[in-house]
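Before any comments, here is the structure.
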Amino acid sequence: MRNAFTLDPWSRHNRDMTLSAAPEWAFSSETGKANYDRARRQYPAQAIVDLKTLRDNMAHLVEVCGGAHSGTAVMGVVKADAYGHGLIPAALAALAGGATWLGTAQSHEALLLRKAGIGPDRAHILTWVYSGAEVPFDELIDNDIDISVGSLPGIDGVAAAARRLGKTARVHVKVDSGFGRNGFTPQGFDAALAKLVPLAEEGVLDIVGQWSHLAVADAPSTPDFVAATDQQVRNFNDFTRRMEAAGIAPRIRHLANTAATLNRPEIHFELTRPGVGLYGYEPDSEMGTPRDWGLTPAMTLQAQLGTVKDVEAGHGISYGRTYLTPQDTSTAIVPLGYADGIHRSASGFDPQGAKHELKLGGPVRVMTNDGPRLYRVSGRVCMDQFIIDLKGRAADLGVQEGDTVVLFGPGRGDGFVEPTADDWARAADTISYEIFTCLRNRIPRLYLNADVLPEADRALLDPNALL
Ligand SMILES: *Cc1c(COP(=O)(O)O)cnc(C)c1O
């Protein structure tokens, strides 16, 4: 358990309150407040993303890589709608923080970045996942998007499109240094070189980079995993030597994800590719907490309570009766469910249910008369809602329908009692990445501190989403 208050919701940490205010948002203007009110009428939950935090996280990662002139550039990985934070706002915040590259897995998202107005003069963009016959290589090349090639058909496809357009395609050669996903294996690499070398000589392809991905860099205290990463680095270097010997030395090599960006400076090479760090999380709690690495989670997920009511001891809560109220109490509905991306595996079971072992559900911060308290999902998460046992009478606690509660946020410590996506990940037996990427877009995304972006960038954002 990383946050002291997460293990036991009834520990003294819940009682030791120094702050009693609900989170207050610093609206930039009356329009921001009006946007907030509209979003609350539209949907009883909101995901609020702080653009200043995103910018500062990226600025920190750039610093970790030695600063703007270190020879190591930084790519903001904004795949999957920027890990659920919103592709364009997050990309612009990353650029404001000093990223000079953006990366997406799906080519569609790389094209959206260019269509939004992020031109090649501002950022290189790399994309790496495509498949099948309908790959928009022409459009990618036309939009100056760098393309990963990690298979022979991939090379053929990019080369054919470059010839059709009469434009050199910028490619990064993906090598499988041990991850076992995309890229050429050592055994298959001669065949790749045999295709790449003449295409480079002819000017069809510009071999910009060589790259690979690490499997276990997020486990720096597990000796086997450290050895596995060391082996990946050796393999990576072998691939480089073979490219050099073939006369296509890569100009930009990149291997480091967030974990290696933070804990393996010796493999920053010319470019690093942090993703989760931009959003303010460490990749694995084996590495500690975000704060240990100078990062701050950028997203807050909040909701407005539905029905609050008194129930008697022994009352079954939700499908399957996996939670029976231990005493007379009140319950409250949180109007978010698995159709919003709240994992059903974050359900909470009480041992009184006999069939089930005690299992703590996902945490929720609720403001009470005694200050903020941490509650847990009680019973099974439903499609559009879940229930929390308030462990007391709502009237005594001062909890009412319409109150705003926080599922996760930056993790403001001590008295503030704020869970993070890491806490939800523990409750759902997953990783923080899946917590925020699963949040469905029916939850409005709202953005704080858009003033950290240049005015021209601000104009690219949906004005109704700015607070
Ligand atoms: C997602 C991804 C990253 C970023 O990983 P984080 O752990 O989020 O930093 C980097 N490179 C590739 C190829 C990826 O798919």
Side-chain angles (χ1 to χ4, degrees), residues 1-6 9 13-14 16-28 32 36 45-61 76 82-86 89-90 93-94 96-97 258 262 274-285 287-303 336 362-367 371-375 404-427 431-437 439 443-452 466-467:
M1 286 303 147
R2 293 295 160 184
N3 296 330
F5 54 82
T6 58
H13 296 280
N14 281 344
D16 248 7
M17 299 308 155
T18 54
L19 292 169
S20 58
E24 287 281 324
W25 300 112
F27 300 112
S28 62
Y36 183 72
Q46 303 84 37
I48 295 170
V49 175
D50 190 335
L51 294 171
K52 178 174 184 302
T53 302
L54 287 176
R55 180 204 61 180
D56 291 349
N57 287 334
M58 179 48 76
H60 177 66
L61 292 161
Y83 292 40
H85 292 65
T258 297
L262 294 173
V276 82
L278 168 60
Y279 308 101
Y281 283 88
E282 86 300 334
D284 188 294
S285 40
M287 286 178 60
T289 65
R291 212 165 308 167
D292 297 336
W293 297 97
L295 302 169
T296 306
M299 181 192 284
T300 299
L301 179 64
Q302 64 174 31
L336 282 169
V364 181
R365 176 193 191 271
V366 177
M367 183 54 63
R373 287 180 68 168
L374 197 68
Y375 292 102
T404 294
V405 300
V406 176
L407 284 75
F408 61 83
R412 284 166 286 190
D414 303 326
F416 206 81
V417 192
E418 186 172 56
T420 67
D422 277 338
D423 297 310
W424 274 84
R426 264 185 290 277
I431 53 177
S432 63
Y433 301 62
E434 197 183 9
I435 297 298
F436 29 80
T437 54
L439 293 180
I443 304 171
R445 301 291 193 280
L446 298 169
Y447 295 93
L448 280 173
N449 293 321
D451 60 341
V452 301
L466 305 184
L467 294 183

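What you see below is based on every heavy atom in this structure, not just the backbone, and it leaves out hydrogens, waters and symmetry mates. Values in this document were obtained by computation on a predicted structure and should not be read as measured data.
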Applying side chain to side chain contact (heavy atoms under 4.5 Å, CB included), run through Ser432 and Val276 and close with a yes or a no.
CA-CA 9 Å; Ser432 63; Val276 82; 4.2 Å; yes

Is there a side chain to side chain donor-acceptor pair (under 3.5 Å) between Gln46 and Trp25 once you walk through the steps?
CA-CA 12 Å; Gln46 303 84 37; Trp25 300 112; over 6 Å; no

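- Taking CG of Leu278 as the start and CG of Asp56 as the end, the distance is 11.0 Å to the nearest 0.5 Å.
- Here the side chain of Arg445 pairs a donor or acceptor atom with the backbone of Ile443 at under 3.5 angstrom.
- Rounded to the nearest 0.5 Å, atoms OH (Tyr447) and CG (Leu466) are 9.5 Å apart.
- Asp423 and Pro363 make their closest contact through CB-CG, 3.8 Å (heavy atoms, listed as atom of the first residue, atom of the second, distance).
- Considering Phe408, Tyr433, Phe436, Trp424 as possible partners of Tyr281, the one that fulfils the ring pair (Phe, Tyr, Trp, His ring centres under 6.0 Å) test is Phe436.
- When all heavy atoms of Ala96 and Val452 are compared, the pair lying nearest together is CB-O, 4.1 Å.
- For the residue pair Arg365 and Phe416, the shortest heavy atom distance occurs at NE-O, 2.7 Å.
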Could you go step by step and tell me if Ile48 and Gln302 meet the side chain to side chain contact (heavy atoms under 4.5 Å, CB included) rule?
CA-CA 8 Å; Ile48 295 170; Gln302 64 174 31; 3.8 Å; yes

Set out, in order, the CA-CA distance, both residues' side-chain angles and the distance that settles side chain to side chain contact (heavy atoms under 4.5 Å, CB included) for Leu295 and Leu262, then state yes or no.
CA-CA 11 Å; Leu295 302 169; Leu262 294 173; 4.2 Å; yes

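- Between Pro297 and Pro410 the shortest heavy-atom distance is CD-O, 3.4 Å.
- Of all heavy-atom pairs between Leu374 and Pro419, the closest is CD1-CG, 3.4 Å.
- Side-chain atoms of Trp293 come within 3.5 Å of backbone N or O of Met287 as a donor-acceptor pair.
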Evaluate the criterion side chain to side chain contact (heavy atoms under 4.5 Å, CB included) for residue pair Leu439 and Met299; output intermediate values, then yes/no.
CA-CA 11 Å; Leu439 293 180; Met299 181 192 284; 3.6 Å; yes

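- Residues Ala90 and Tyr279 come closest through the heavy atom pair CB-CE2, 4.2 Å.
- Salt bridge status for Asp422 with Arg426: absent, with no side-chain N to carboxylate O gap under 4.0 Å.
- Counting heavy atoms from C-beta on, the side chains of Asp451 and Asn449 come closer than 4.5 Å.
- Counting only heavy atoms from C-beta outward, the side chains of Leu301 and Leu336 approach each other to under 4.5 Å.
- Between the side chain of Thr258 and the main chain of Gly275, a donor-acceptor pair closer than 3.5 Å is present.
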